[in-house]
*Asks:* 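Here it is, the structure in full.
Heads up: numbering here begins at 1 and tracks the sequence. One-based numbering, in listed order, for ligands and for the atoms of each. All values below were derived from every heavy atom in this structure, side-chain atoms included, with hydrogens, water molecules and symmetry-related copies excluded.
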Amino acid sequence: MTTSEKVHGQWSSRLAFIIAASGSAIGLGNIWKFPYLVGENGGGAFVLVYLACVAIIGLPLMMAETLLGRRGRQSPINTMAKLARAAGSHPAWRFVGWIGVLAGFLILSYYSVIAGWSMAYLFKVGGGFLEVGSAEATQRAFIDLKSAPDVQMVWHSLFMAATILIVSRGVSKGIEKVTRIMMPGLLLMLIILDVYAAGTSGFSEGMSFLFKPDFAKLSAESLLIAMGQAFFSLGLGMGSIMVYGSYLPDHVSIARSSLIVAGLDTAVALLAGIAIFPVVFSNNLQPGMGPGLIFETLPLAFMHMPGGALFGTIFFVLVFFAAITSAIALIEPAVAWLSENKGFDRVTASIYAGAGCWLLGVGTVLSFNVWAEKSFFGKTFFDAIDFLTADILLPVGGILVAIFAGWIMKRSESAEELELGGLYPYWLLLTRFVAPAAVAIILLHGLGLF
Ligand code: TRP
């Protein structure tokens, strides 16, 4: 093999991993969820805690999850069982894989509804709705969508059908190709929106909302939400990254790839925030308006931009692709389990898993209208599912992964996988002590348990 071939070969396999992993990481979590959570939780202090969680908890855990996947080279449930056996530990570690199947299934049920909203907006923006012209009009348009279960059901069904179609064919090369074009496209569109936002009257107010911390606004629950969002946005705690790690060639640096994926993911979230908050303040809107935030603000930005209808349409197409590459990662553990352990063929497994998500998603659709006043543990159906997954299941899954990689697995093995050299003790310190302790404290405190 010539040197250039070798270099190319290495580069392309690392790139393939980075594309797949960032396709899973970058999604509605960055563009839709991050801004609205920042808005609801008071701004800068929340952002700062979020960034700290990504650096101190997310990054070492992403490395841990990837290394478990590469070491086990099977689906998460079987990987955990195999690695536990190899370490002379209990096969109940498989449970980590189970949390993943459940969490992914639950998350996708509402993810699909929100992805449906962005599909609806694709046509709204493309169909001349921007000519209407005011903040009141965009707010009214969103309320119309929110209060129409039938319209949301149509889009939710279409999104889930598209997910089933792609997943049933096996996670194909096509996805990699689409992601390869879509990611840079999304980044470019966000930068265009940022440039627009920089010229609006609310720019400085938006920036200080986003980056000037006011810790008085931070409650125990918002701390937990910031941490949960770090798990959600990076796609950690449910074995997604473990699956991707299992395809990772031996020579690729786990540390460097994780750093790139986490960096890109964080950049996209911040760029989305920078695009949105100036528009919020320029139009005298409220940052804490909740899940509708991007749908009520971004159309205003597109409205005032030359070529806005075109840019807006492209933007929502890109959001759709970002969502579907994440949806695939979310449903894959359930599909893998149904086909490996229950003997379904891949198509049947995809249809069953997708149909289940679809049915549960009906609850989320209704939670914005018919069931708006119905309480599930003091929250709406959507909020309850979101809280259970992002703020409980993913952090619990994350703690277990950290404990396994840090304490159960032999040091010689993790050191060999990570090849961190002099940095290894720092990773070990974060994975053994800092990350599990921080997650446990934030989790129990946020739940009001101490
Ligand atoms: N990270 C994705 C987003 O931000 C969603 C996602 C994909 C996810 N895979 C995951 C969330 C695994 C939690 C766990 O939109």
Side-chain angles (χ1 to χ4, degrees), residues 19-38 50 53-54 57-58 61-62 65-66 69 75-76 96-118 159 163 166-167 171 175 179 182-183 186 190 225-245 258 261-273 291 294 318-336 353 357 385-398 400-401:
I19 288 173
S22 47
S24 145
I26 298 171
L28 297 174
N30 308 63
I31 297 157
W32 158 75
K33 201 174 183 199
F34 176 77
Y36 102 74
L37 291 181
V38 171
Y50 173 77
C53 288
V54 169
I57 302 169
L61 276 189
M62 186 176 250
E65 224 184 289
T66 313
S75 70
V96 175
W98 278 107
I99 296 184
V101 172
L102 181 67
F105 181 84
L106 294 176
I107 292 173
L108 185 57
S109 77
Y110 76 72
Y111 206 83
S112 168
V113 176
I114 312 298
W117 290 358
S118 69
F159 184 81
T163 305
I166 294 170
V167 172
V171 179
I175 283 296
T179 311
M182 181 279 295
M183 288 301 174
L186 189 64
L190 283 172
I225 292 171
M227 181 182 75
Q229 172 63 10
F231 277 96
F232 184 92
S233 190
L234 295 171
L236 294 177
M238 58 150 277
S240 269
I241 294 290
M242 220 184 271
V243 174
Y244 292 129
S258 303
V261 174
L264 281 173
D265 187 71
T266 307
V268 170
L270 292 176
L271 288 174
I294 69 162
L318 293 168
V319 171
F320 167 77
F321 281 116
I324 204 142
T325 51
S326 298
I328 291 162
L330 286 165
I331 204 175
E332 182 61 27
V335 172
C357 283
I385 298 258
D386 180 33
F387 191 75
L388 171 66
T389 50
D391 303 332
I392 299 177
L393 289 178
L394 299 181
V396 168
L400 295 174
V401 165

*Asks:* Locate the shortest heavy-atom distance separating Ala25 from Val261; write the atom from each residue and the value.
*Replies:*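 Reported closest heavy-atom pair: CB-CG1, 4.2 Å.
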*Asks:* Side chain, backbone, both or neither: which applies to Leu394 and ligand 1 if a contact is any heavy-atom pair less than 4.0 Å apart?
*Replies:*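 Contact part for Leu394 vs ligand 1: side chain (C-beta onward).
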*Asks:* Should you measure from each heavy atom of Ser240, which atoms of ligand 1 turn up under 4.0 Å away?
*Replies:*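 Contacts of ligand 1 toward Ser240, numbered from 1: 9 (N), 12 (C).
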*Asks:* Given side-chain contact (heavy atoms from CB on, under 4.5 Å), test Val54 with Tyr50 step by step and report yes or no.
*Replies:* CA-CA 6 Å; Val54 169; Tyr50 173 77; 3.7 Å; yes
*Asks:* Does Leu28, backbone or side chain, put an N or O under 3.5 Å from an N or O of ligand 1?
*Replies:*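 Leu28 vs ligand 1: N/O contact under 3.5 Å present.
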*Asks:* Counting heavy atoms only, name the option from Ala25, Ala21, Ser326, Gly398 that's nearest to atom 4 (O) of ligand 1.
*Replies:*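 Of the listed residues, Ala25 has the closest heavy atom.
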*Asks:* For Leu393 and Leu106, work out which heavy atoms get closest and say how close.
*Replies:*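 For Leu393 versus Leu106, the nearest heavy atoms are CD1-CD1, 4.1 Å.
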*Asks:* I want to confirm something. Looking only at heavy atoms, which of Phe34, Tyr111, Phe232, Trp32 is nearest to atom 15 (O) of ligand 1?
*Replies:*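 It is Tyr111 whose heavy atom sits nearest to atom 15 (O) of ligand 1.
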*Asks:* What atoms of ligand 1 come within less than 4.0 Å of a heavy atom belonging to Ser233?
*Replies:*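 Those atoms are 1 (N), 4 (O).
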*Asks:* Could you tell me which atoms of ligand 1, counted from 1 in the order shown, lie closer than 4.0 angstrom to a heavy atom of Met238?
*Replies:*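 It comes down to these atoms of ligand 1: 12 (C), 14 (C).
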*Asks:* Going by the side chain to side chain contact (heavy atoms under 4.5 Å, CB included) test, name the single residue among Met238, Glu65, Met242 that passes it with Pro76.
*Replies:*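 That would be Met242.
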*Asks:* What is the closest protein heavy atom to atom 7 (C) of ligand 1, and at what distance does it sit?
*Replies:*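 For atom 7 (C) of ligand 1, the nearest protein heavy atom comes out as Ser24 O, 3.2 Å.
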*Asks:* Using 30° and 60° as the class limits, which term best fits the ring planes of Phe159 and Phe320: parallel, tilted or perpendicular?
*Replies:*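 Phe159 and Phe320: perpendicular rings.
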*Asks:* In terms of ring plane angle, is the pair Tyr111 and Phe232 parallel, tilted or perpendicular, where the classes change at 30° and 60°?
*Replies:*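 Rings of Tyr111 and Phe232: tilted, as their planes differ by 30° to 60°.
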*Asks:* Is there side-chain contact between Tyr244 and Thr66, with at least one heavy-atom pair below 4.5 Å?
*Replies:*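 Answer no - side chains too far apart.
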*Asks:* Hey, is ligand 1 close enough to Leu236 that some N/O pair sits below 3.5 Å?
*Replies:*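 In this structure, Leu236 places no N or O atom under 3.5 Å from an N or O of ligand 1.
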